[in-house]
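These notes are about the structure you will find just below.
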Amino acid sequence: RHLDAHTTGGKSPTGVLFRMVYAWMLTTSFLFLAEGILIPRRFDFVVYGAMMLLPPVVIIAVGSDSFFSFVMLTFEGDHAQMDGAFMAELLHTTGHMAEGDVWWVHRDNDTPENEDFVEGEPRR
């Protein structure tokens with residue numbers, strides 16, 4: 001079933017899921033930290049609890065929008081440049097390209113469809 005922002009209290013389903021995961025990580029990390037401190041020779045629990053505590057603390061300190069914008073710019077910027085280079089090479093290898101080609105038609109949204117072409121034709 002499709003959920004929209006109205007059914008989740010004004011939040012997107014993805015945002016709700018991420019908040020639930022962060023809450024789980026916080027709770028679990030505190031449990032591991034407490035168990036590692038209370039049980040002798042369980043330093044691995046302290047390390048694991050501290051590692052699980054790190055992501056939610058970073059998100060809370062920096063803010064989710066800022067953090068995800070940083071990650072997007074860091075990783076997606078390279079992909080966008082490579083995609084652009086791929087498209088340029090693809091257009092270059094076709095041999096010719098001219099205005100009016102089947103895949104090179106620019107039309108405003110308010111321009112009516114051209115009835116000279118069959119349904120599904122990009123030039124329509």
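This structure is a prediction, so every number in the text was calculated from the model and none was measured.
- Here the straight-line distance linking atom CD1 of I37 with atom CZ of F43 works out to 10.5 Å at 0.5 Å rounding.
- Under the 4.5 Å side-chain heavy-atom criterion for ILVMFWY residues, no single connected hydrophobic cluster contains both L26 and F32.
- Under the rule for a salt bridge (Lys or Arg N to Asp or Glu O under 4.0 Å), the partners of D44 that lie at least two apart in sequence or sit in another chain are R42.
- Taking both residues in full, the closest heavy atoms of G49 and S29 are given as O-CB, 3.1 Å, listed atom of the first, atom of the second, then distance.
- Annotation: F45, atom CZ; neighbour count of heavy atoms from other residues, nucleotides and ligands within 6.0 Å is above 12.
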Contacts under 3.5 angstrom, residues 51-73 side chains, donor-acceptor by atom type, not counting sequence neighbours:
{"residue": "S69", "atom": "OG", "partner": "D65", "partner atom": "O", "Å": "2.8"}

